[in-house]
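Heads up, the thing below is written out as structure tokens.
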Amino acid sequence: MFKRLYKKTASKINKKTNHRKNPLMIKAQEAGFFNLEWYNQTYGSCFSRAEDAFQDYLHKSRFSPVNPSPGFDSEIYHRLNLDVYTHLQSPLAHFLHNGRSEGRVHSPAVVKWHAKEVLSTSNELTAKANDQKIAICLHIFYEDFIDRFANALKSFPTDVDVLLTLADNSFTEKATSAFGAVSCVNNVYTKTVPNRGRNFGPLLVEYAQQLQQYDLFCHLHSKKSLYSGREQTQWSEYLTEYMLRDSNITTRVLNAFAESQELGMYYPTSFWMMPNWVNHWTVNKPHTGEWLEQFGMELGDDFISYPVGGMFWARTSALKQLLEREYQYEDFPAEPLPNDGSSLHALERLVGLLAEHNGYKQFFYYPPTGTFTTDQSYRFIQYHNTAANVFEQIKNHEVISFDVFDTLVRRRYFVPDYAKLLLGKELTNQSIVSSNKINTAHDFVELRNKTEFELRKAAEFKGDIRIDAIYAAIAEKLGLSAEQGEQLMQREFELDLEMIEGKDEMVDIFNELHSIGRTLWVISDSYYTREQVGLMLRKAGVTAPFRLLVSSEEQKRKDNMSMWLYVKEQLQQLGNPSYLHVGDNVVADAQLPGDIGLGNFHILNPHDKWHALGFPSVLRGKDAMKEEQIKKWGPMICNVGRNPFIGE
């Protein structure tokens, strides 16, 4: 079918408007907050009239961190004024109407991240891009998204087929009419689907085979977030804008796919109001097994680039293993599903990695700078910080707790089991355990960890196990006396303590919080006793008084939620003071307390910061317990990770 000639972006966006100048825009220009030339240059737009560019800013800034000029930072204003954000207001519009008179603070634009690699593409559709066969796949659970998506497609720069999966058969007539009326739509396909498999199940069951006929496809679904007593559409609007509605963006995306066959997947960088740790596996790695077998893949690092929300553009050949299989709805878990931790959440994180496994690159759009890039370091944008800023961010809470290992303290050789390995070397060199089939230091580490696991299992993984109980069991296995077992336990602790160093910036923050009257707690999942953990903290330089909650003593753990439920109960007894927990473990220190409404502040552990800075992947898998590797890389990771912030 003949495809429509592409018109310049500006002519598609610009509407016939009243030529009377917008009074709000005039105020913005007079205050130095809006600049047409800067806006066009930064966002690759072609607006000839300032009024049209300003309207574009007002629209996008309600849900995206775009700026009107170097003089005003929209994201900072929204973060400082969450009422403006939740009411879907443009930051600059609010400031000019109300914020300035109310004394609200604004800031000049701050660029937190610059892409190392920039993709330059034309904002006029090329003939090659125009020839691509494209499917727009939309899963519609909420009926009002029929009009939202249909309206978004009205400015799409080339012809497409629309493949719909609808949650209710009553949507069919409206959907067929709405999408059929859009000029760029050639064919509309509809399927009524059960509520199973979320957005991925219907896509794969109904259209996996058909999609292989297309060069590219876009996958979106009707995403709603409900809190603050009203619908929050910002995340959905953000994804729809930069994947479907803004013809300047979609044109450049299609050109990029056409110009470079190595590009396999596109989506905008993760929604800016998500938690810092959103680009992480969280609790989903255990749910990857069947997918990894199907794709022929193995997993690597914990922080990954993936389309958060499961919405993306893809080259069909980049996801061939996903699309070539025939699916049934029974292949997907039934509702209700958890907020995180299922095979569908795992698949969401795997699609980008699958494209890379097949030899393709992912590329992204970063709205604050208007940049297309293949640079994946955007995953760590929110970790660009300073100790001074972090102190300001956390100081106003009344009770502040900190994790211990990789938060307040670090190990000189980074690897937690290195003390066990050193103890194993001492024992095998002295021939203390060789008669018990413990011939190498690694054999001892295996025995040590297996014994700990057996004790946890015997306790049905309730509470926790103390190190003295572990070594009492080891002594029994090795035919040693109780006193010898006690000596081995003490030696492991001594070896570990000798390697403990402070994370200086975090220790300084901790001590300074006490100086301004904050109540401090320290919470650790550890087999060490309260006294042993206390010694480590003193060695690290902690001088402020604190309450110490250690899992081996409290018989509660962070990673199984029991400690957090206890913390919440303790806070209630204190009258529910404002509370924040600081830690490095994405699941145990951030996700789980957040799930029950406890405030949290995540920092990078040494290995994650090492990865964020682009250093090689080391001390993973079997290499993690090779002593030559530990001695080579451990001190470097420890030194890099002393300060958990990037850019300081």
Ignoring hydrogens and angles, write down the donor-acceptor pairs under 3.5 Å from the side chains of residues 585-600, residues two or more places apart or on other chains.
residue, atom, partner, partner atom, Å
Asn585, OD1, Val587, N, 3.0
Asn585, OD1, Ala588, N, 2.8
Asp589, OD1, Lys558, NZ, 2.7
Asp589, OD1, His581, NE2, 2.9
Asp589, OD2, Asp584, N, 3.3
Asp589, OD2, Asn585, N, 3.0
Gln591, NE2, Asp340, OD2, 2.7
Asn600, ND2, Ala590, O, 3.2
Asn600, ND2, Leu598, O, 3.2

Worksheet item: Do Leu350 and Tyr306 pass the side chain to side chain contact (heavy atoms under 4.5 Å, CB included) test, and can you show the C-alpha distance, the side-chain angles, and the key distance before you say yes or no?
Response: CA-CA 7 Å; Leu350 277 170; Tyr306 74 98; over 6 Å; no
Discussion item. Test side chain to side chain contact (heavy atoms under 4.5 Å, CB included) on Ile304 and Leu299; report intermediate values, then the result.
Written reply: CA-CA 10 Å; Ile304 54 173; Leu299 297 183; over 6 Å; no
Worksheet item: Given the rule in the side chain to side chain contact (heavy atoms under 4.5 Å, CB included) test, do Met265 and Leu319 qualify, once you have shown the distances and angles that lead to the verdict?
Response: CA-CA 9 Å; Met265 181 169 286; Leu319 301 183; 3.9 Å; yes
Item to complete: Apply side chain to side chain contact (heavy atoms under 4.5 Å, CB included) to the pair Ile470 and Met489, showing each step before the final yes or no.
Response: CA-CA 8 Å; Ile470 296 169; Met489 180 274 290; over 6 Å; no
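For Lys539, the NZ atom is densely surrounded, since the number of other residues' heavy atoms within 6.0 Å is greater than 12. Taking a 6.0 Å sphere around CD of Gln261, one finds it holds more than 12 heavy atoms contributed by other residues, nucleotides or ligands. Heavy atoms from other residues, nucleotides or ligands lying under 6.0 Å from CD of Glu531 number more than 12. Environment of CD in Glu628: crowded, with over 12 heavy atoms of neighbouring residues, nucleotides or ligands closer than 6.0 Å. Surrounding CD of Gln629 are more than 12 heavy atoms belonging to other residues, nucleotides or ligands, all under 6.0 Å away. Enclosure of atom NZ in Lys361 is not indicated, since only 12 or fewer non-hydrogen atoms of other residues, nucleotides or ligands lie within 6.0 angstrom.
Proximity of a side-chain donor or acceptor of Gln532 to a complementary backbone N or O of Thr529 within less than 3.5 Å is detected. Side-chain atoms of His397 never come within 3.5 Å of backbone atoms of Pro577 as a donor-acceptor pair (strictly under, hydrogens ignored). Distance alone, capped at 3.5 Å, places no donor-acceptor pair between the Asp608 side chain and the Leu604 backbone. Between the side chain of Ser578 and the backbone N or O of Glu398 there is at least one donor-acceptor pair closer than 3.5 Å. Judged purely by atom type and a 3.5 angstrom limit, Lys609 uses its side chain to pair as donor or acceptor with the backbone of Phe645. Within the 3.5 Å criterion, the main-chain N or O of Lys395 finds a donor-acceptor partner in the side chain of Arg518. Side-chain atoms of Thr374 never come within 3.5 Å of backbone atoms of Phe363 as a donor-acceptor pair (strictly under, hydrogens ignored). Counting only distance, with no hydrogens or angles, the side chain of Asp525 and the backbone of Asp559 share a donor-acceptor pair below 3.5 Å. Under a 3.5 Å cut-off, the side chain of His442 and the backbone N or O of Gly424 do not form any donor-acceptor pair. With Asn560 contributing its side chain and Ser562 its backbone, the two residues share a donor-acceptor pair below 3.5 Å.
Residues Leu119 and Leu263 are in side-chain contact: their nearest non-hydrogen atoms beyond the backbone lie under 4.5 Å apart. Counting only heavy atoms from C-beta outward, the side chains of Lys632 and Val618 never approach each other to under 4.5 Å. Looking at heavy atoms from C-beta onward, Val409 lies out of side-chain contact with Val542 at the 4.5 angstrom threshold. Within the 4.5 Å cutoff, the side chain of Leu495 has heavy atoms near those of the Glu426 side chain. Counting heavy atoms from C-beta outward, Asn385 and Gln393 have side chains that approach closer than 4.5 Å. Proximity of Trp291 to Leu322: side-chain heavy atoms (C-beta onward) are separated by under 4.5 Å at one or more points. Residues Leu447 and Asp443 have side chains not in contact (no heavy-atom distance under 4.5 Å, counting atoms from C-beta outward). Between Asn358 and Gln321, the closest side-chain pair of non-hydrogen atoms falls below 4.5 Å.
Between the side chains of Thr373 and Glu117, no donor-acceptor pair of N or O atoms lies under 3.5 Å. A side-chain donor from one of His611 and Asp301 sits under 3.5 Å from a side-chain acceptor of the other. When only modelled atom types and interatomic distance are considered, Lys112 and Gln382 share a side-chain donor-acceptor pair under 3.5 Å. With 3.5 Å as the limit, one finds no donor-acceptor pair spanning the side chains of Tyr528 and Ser552. In this model, a donor atom of one side chain and an acceptor atom of the other lie less than 3.5 Å apart for Ser305 and Gln376.
No cation-pi contact links Arg491 to Phe444, judged by a cut-off of 6.0 Å to the six-membered ring centre and 45° from its axis.
Residue pairs meeting the salt bridge (charged side-chain N to carboxylate O under 4.0 Å, His left out) criterion with at least one partner in residues 267-288, sequence neighbours excluded, are Lys285-Asp302.
Closest non-hydrogen pair, Leu549 versus Glu554, comes out as CD2-OE2, 3.6 Å. When all heavy atoms of Asn199 and Gly309 are compared, the closest pair comes out as ND2-O, 4.4 Å. Between Ser524 and Asp403, the closest heavy-atom pair is CA-OD1, 4.5 Å. In terms of heavy-atom proximity, Ala544 sits nearest to Leu520 at CB-CD1, 4.0 Å. In terms of heavy-atom proximity, Val404 sits nearest to Val522 at CG2-CG1, 3.2 Å. Residues Ile646 and Ala612 share a closest heavy-atom pair of CD1-CB, 3.8 Å.
Two rings, from Phe200 and Phe332, have their centers 6.0 Å or more apart. In this structure, Phe402 has its ring center no closer than 6.0 Å to that of Phe601. In this structure, the ring of Tyr267 has its center less than 6.0 angstrom from the ring center of Phe364.
Residues Glu454 and Lys477 are paired through a salt bridge, judged by an N-O separation under 4.0 Å between the basic side chain and the carboxylate. A salt bridge does not link Arg620 with Asp623: none of the charged nitrogens is closer than 4.0 Å to a carboxylate oxygen.
Every residue meeting the side-chain contact (heavy atoms from CB on, under 4.5 Å) condition with Ala469, not counting sequence neighbours, appears here in chain and number order: Ile465. Partners of Glu501 by side-chain contact (heavy atoms from CB on, under 4.5 Å), not counting sequence neighbours, listed by chain and number: Arg410, Arg412, Cys638. Qualifying side-chain contact (heavy atoms from CB on, under 4.5 Å) partners for His114, counting only residues two or more places apart in sequence or in other chains: Val111. For Pro606, the side-chain contact (heavy atoms from CB on, under 4.5 Å) partners are Asp406, Phe414, Lys503, Ile637, not counting sequence neighbours.
Ring geometry, Tyr383 versus His602: the interplanar angle exceeds 60°, so the pair is classed perpendicular (tilted spans 30 to 60°). Relative orientation of the Phe380 and Phe303 rings is tilted, given thresholds of 30° and 60° on the angle between their planes.
Of the residues Trp113, Tyr378, Trp272, the one that meets the ring pair (Phe, Tyr, Trp, His ring centres under 6.0 Å) test with Tyr366 is Trp113.
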